[in-house]
Amino acid sequence: MSNTILRMHEISKDFSGVKALDGVSLEVERGQVHAICGENGAGKSTLMKVLSGVYPHGTYDGTIEFEGAETAYKTINDSEADGIVIIHQELALSPYLSIAENIFLGNENARNGVIDWNKTNREATLLLARVGLDENPATKILELGVGKQQLVEIAKALSKRVKLLILDEPTAALNDEDSDHLLSLINHLREQGITSIIISHKLKEIRKIADTVTIIRDGRTVETFSMRGEDATEARIIRSMVGRPLDHLFPPRDPHIGEEILRVEEWNVYHPVDTARKVVDNAHFTVRAGEIVGFAGLMGAGRTELAMSIFGRSYGTNISGRIYKNGKEITVRTVDDAIRHGIAYATEDRKKYGLNLIGDITVNVSAAALGKLAKNGVIDRNREYATADSYRRSMNIKAPSVRSITGKLSGGNQQKVVLSKWIFSGPDVLILDEPTRGIDVGAKYEIYGIINELAAQGKAVIVISSELPELIGMADRIYAISEGKLTGEVPRAEATQEVLMHYMTAGKG
Amino acid sequence: MTDTLTQQPADLHPAKPRRRMRIDTRQYGIFGALAIVVLLFQVLTGGKLLFPLNVNNLILQNAYVLILAIGMVIVIIAGHIDLSVGSVAAMVGAVAALSMSQFHLPWYAAVLISLLVGAAVGAWQGYWIAFVGIPAFIVTLAGMLVFRGLTLVLLTRGTISGLEDPFVAIGAGSLGKTGNPDLITLLIGAVAVVGLIGMGLRTRRTLKRLELPREPAGSFWLKSILVSAAIMAIAWLLANAKGTPVILVVLGVLILSYTFVLNRTVFGRHVYAMGGNLFAAVMSGVKTKWVNFFIFVNMGVLAALAGIVSTARADSAVAGAGQNFELDAIAAVFIGGASVQGGVGTIGGAIIGGLLIGVLNQGLSILAVDAAWQQVIKGLVLLIAVAFDIISKRRSGGR
């Protein structure tokens, strides 16, 4: 038998014209740990979803061979039947069921629909021993920490006689101790002949555990190399991850930077559920008038959490720290406070937090500043219409009219509606979280133009982005954030992708 | 969660601006259903449904559904539900009757106290829902039991009947007659028709000026003529019965004011915004807790009004009053096109849904259909109406 367990050949996948994968090939040797690296949005997760049948056969181009036979998975169940198990970043366990029940969920030890609890618990105990989790199988999932939940997921995978285990950023939510345990478990599984694919941003981790690494960028394979070679360095991985030509053009801009508008000091935020976990750790930063400040960080680094906690404590618990606006300390307890103090936050997830998708453009544009259009609580609808229509024209929102339902607009036009809403609220500080995510190139250019225009008007603009070229192309100054800490502050002249990526993967300390 | 996988980016090249709007089949659907049900019962009852006195009774007997539907549609647009309105109406009816019979208060004081009790009940439930965060389903289920129980406590000495005449007139009286047919009623009908068409024309003019899509003129006039004919027909029938019922005037005022509140005020906009996307509303600075609180205060007041009206109409406060009121109101709102997910619904739709329920109630009782079967039929009508709505939406591919 060939030693190659998995061969994905020329996989392409597009979403209504946007290419997420463009001819990716991947070969995984049996019994190895194979790491896949790439920036956010490079296509790693899409590739794994193609492999596991989340995107069914027929919705992508290219071929997949598993153990020498071509696959045509229609559902996850099909791929699991062949022994391919994917463990997602967000764990898929049922919190009120026990460990044993979760391990065998959908795959119960039952006869005529009646569960054999003795067998279930016996097998669960054996599986827990294999993953090194010392817990009673009757313990409910919600009593376990994330690290132990991860182990339950792996036990569940083992119960399905996994041959190829895919872990999507398994340590992203774990502390150091849990991470170490997980990595040694993966090592241990390798000794038992289980092949793993691990998607990770953490280079130290990759060096520690991976035999081979494949780097994906912009939906294409950049290179695959053995981690045992002399030239397998972190620098090489970073170079391959980011080494893309600056293919976006940025509109020209002549920055006029004025006085400091916003200063945040000693900002600490804890996770809303796991209240012991610090999500933002002692952040200090400033933004000045007319300045565009970038925040660079990988997914889960705490960028959005930082922004949302400042925007009226809309994220997190036990928030402490000080916010100064124009030199004076302000209290911002609610979103309404934030808006009144001239702070605006355009979310990274416009469908969930940004728009009323069943509402038209008009009601969305006016949503954050209805008071400006109302007298005694009665909305002046003609002025509201005129306002929305003027934004439709100035922002070039492509829609038949401002009565068009926002849910039916393209991503770029939806984003322009969100920006219109916040610009209409009349802010001095705009926090734009991933302003160009999921948007085609033409609309991106327009949005860069809008951002430049806002800075030119003397507003303080914060741009959070996963796309480093975008930050380097636009920002006057870039803060790098990693694991909740601001790990670096880089002026425009010194900002390169390598420098930023170095700070972004810096880790603790 | 699931739809992130299936959702596709919307089409990148939107169609050229259309100056004409597609005819709103959904709106016509409810009108059509109402017309069909009326015609059906007209035939089945051998013409009795539209006897002048029966039309008068239809309005008097079903006013509570319409009043409750107005409050309920707001609750449902915001993404909640209120199961307690029937019990609240019964309790308030008892309060009103006790105020007059026990404490010898004048009728207007009794009405005022009743409305205040309604507001207090609403504030109580609103507090738990908005500020403690208990789902409205639970809070109002508890309220349904609590207020029913309190009604029984208030009426331990049995039914209170023989209420003051002006009070009874709220639910059963009319503005009086100037002759046969009553000219005042016909005049009110005519004013309503002129006002309706005038407002429709004004909206069309504004839309034209703003170059927004409008309903085709033919469809607008057809609809206007049909609605006008229906209003004048009802006016004619009422003019030949007892004249304009007092409650119809109250209803007219409620419908106009609440349509204004939902369409024109910041409060109304916030209700729709919260139902459409609660997170987006929070992140836009909407004070969602207070909005939720006032939605339930308002529902409490309207439930109290429904209690006053039905107590007045019955001329007595009974412990078993208001049974299944909440179900009629909820059914009316959903038949009227509101969405179970929230964010969608209109006062007009809820009123038409309420009329449909009313016609069913009236028609079935004229036919002397057994109460058990009346429930079966009403249940099926609700199911079919919402199923029709969901299937037609799925077919058109919209939400």
Side-chain angles (χ1 to χ4, degrees), chain A residues 15-18 49 54-55 308 311-312 314 334-340 345 347 349-359 363-364 366-371 373-374 376-379 381-382 385-386 389 398-405 407-414 421 425 438 440, chain B residues 1-21 77 203 206-207 209-214 260-270 272-290 339 341-345 397-399:
Chain A
F15 297 100
S16 304
V18 181
K49 285 178 180 167
V54 173
Y55 298 131
M308 285 179 72
F311 186 63
S314 43
T334 64
V335 172
D336 190 51
D337 287 347
I339 294 173
R340 277 191 287 105
Y345 169 72
T347 164
D349 189 345
R350 50 182 176 265
K351 288 192 169 160
K352 188 169 177 200
Y353 293 108
L355 292 170
N356 175 358
L357 291 169
I358 60 176
V363 302
N364 276 289
S366 64
L370 258 186
L373 296 168
N376 302 324
V378 178
I379 302 167
R381 291 204 301 182
N382 286 339
Y385 169 82
D389 203 49
K398 291 185 196 72
S401 83
V402 289
R403 293 275 176 246
S404 304
I405 301 302
K408 295 192 172 166
L409 302 178
S410 70
N413 286 310
Q414 287 182 345
K421 164 167 113 175
S425 76
D440 63 280
Chain B
M1 290 301 285
T2 53
D3 56 11
T4 50
L5 299 179
T6 53
Q7 221 164 45
Q8 305 207 334
D11 113 59
L12 297 168
H13 307 285
K16 285 220 178 85
R18 267 194 322 239
R19 288 282 161 265
R20 296 171 82 200
M21 193 167 56
I77 292 168
T203 310
T206 316
L207 290 177
R209 184 166 55 78
L210 301 177
E211 300 188 340
L212 281 168
R214 294 186 292 169
F260 180 83
V261 166
L262 273 190
N263 290 340
R264 298 289 182 87
T265 66
V266 173
F267 175 79
R269 180 63 62 75
H270 285 171
Y272 280 107
M274 284 162 54
N277 184 344
L278 183 62
F279 294 121
V282 170
M283 295 300 284
S284 298
V286 175
K287 290 170 178 149
T288 52
K289 289 178 180 171
W290 284 102
S339 158
Q341 282 89 33
V344 179
R399 301 182 44 135

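Chain identifiers are assigned alphabetically (A, B, ...) following the order of the sequence lines, protein sequences preceding nucleic acid strands; residue numbering begins at 1 within each chain. As the structure is a computational prediction, the values presented were derived from the model and not from experiment.
Using a 4.5 Å cut-off between heavy atoms, B:Phe260 touches chain A through its side chain atoms alone. For A:Leu355, the part lying near chain B is the backbone, with the side chain staying farther off; criterion is any non-hydrogen pair under 4.5 Å. Using a 4.5 Å cut-off between heavy atoms, A:Ser366 contacts chain B through its side chain alone, with no backbone atom that close. Proximity to chain B is absent for every atom of A:Asn364, based on heavy atoms less than 4.5 angstrom apart. B:Thr206 touches chain A through its side chain: at least one heavy atom from C-beta onward sits under 4.5 Å away, while N, CA, C and O do not.
Between A:Ile358 and B:Gln341, every side-chain heavy-atom pair lies at or beyond the 4.5 Å cut-off. Between A:Asn382 and B:Arg209, some side-chain heavy-atom pair lies under the 4.5 Å cut-off. Annotation: side chain of B:Lys287 is not in contact with side chain of A:Thr334 (no heavy-atom distance under 4.5 Å).
Under the rule for a ring-ring contact (aromatic ring centres under 6.0 Å, His included), the partners of A:Tyr345 that lie at least two apart in sequence or sit in another chain are A:Phe311. By the ring-ring contact (aromatic ring centres under 6.0 Å, His included) test, B:Phe279 is found to be paired with A:Tyr353, residues two or more places apart in sequence or in another chain being considered.
The candidate from A:Val402, A:Asn376, A:Asp389, A:Val363 with the greatest count of non-hydrogen atom pairs under 4.5 Å with chain B is A:Val363.
Of all the heavy atoms in B:Thr265 and A:Ile379, the pair that sits closest is O-CD1, 3.4 Å.
For A:Asn356 (side chain) and B:Ala280 (main-chain N/O), no donor-acceptor pair under 3.5 Å exists by modelled atom type.
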*What's the verdict on side chain to side chain contact (heavy atoms under 4.5 Å, CB included) for B:Met283 and A:Asp349, showing C-alpha distance, side-chain angles and the deciding distance?*
CA-CA 11 Å; B:Met283 295 300 284; A:Asp349 189 345; over 6 Å; no
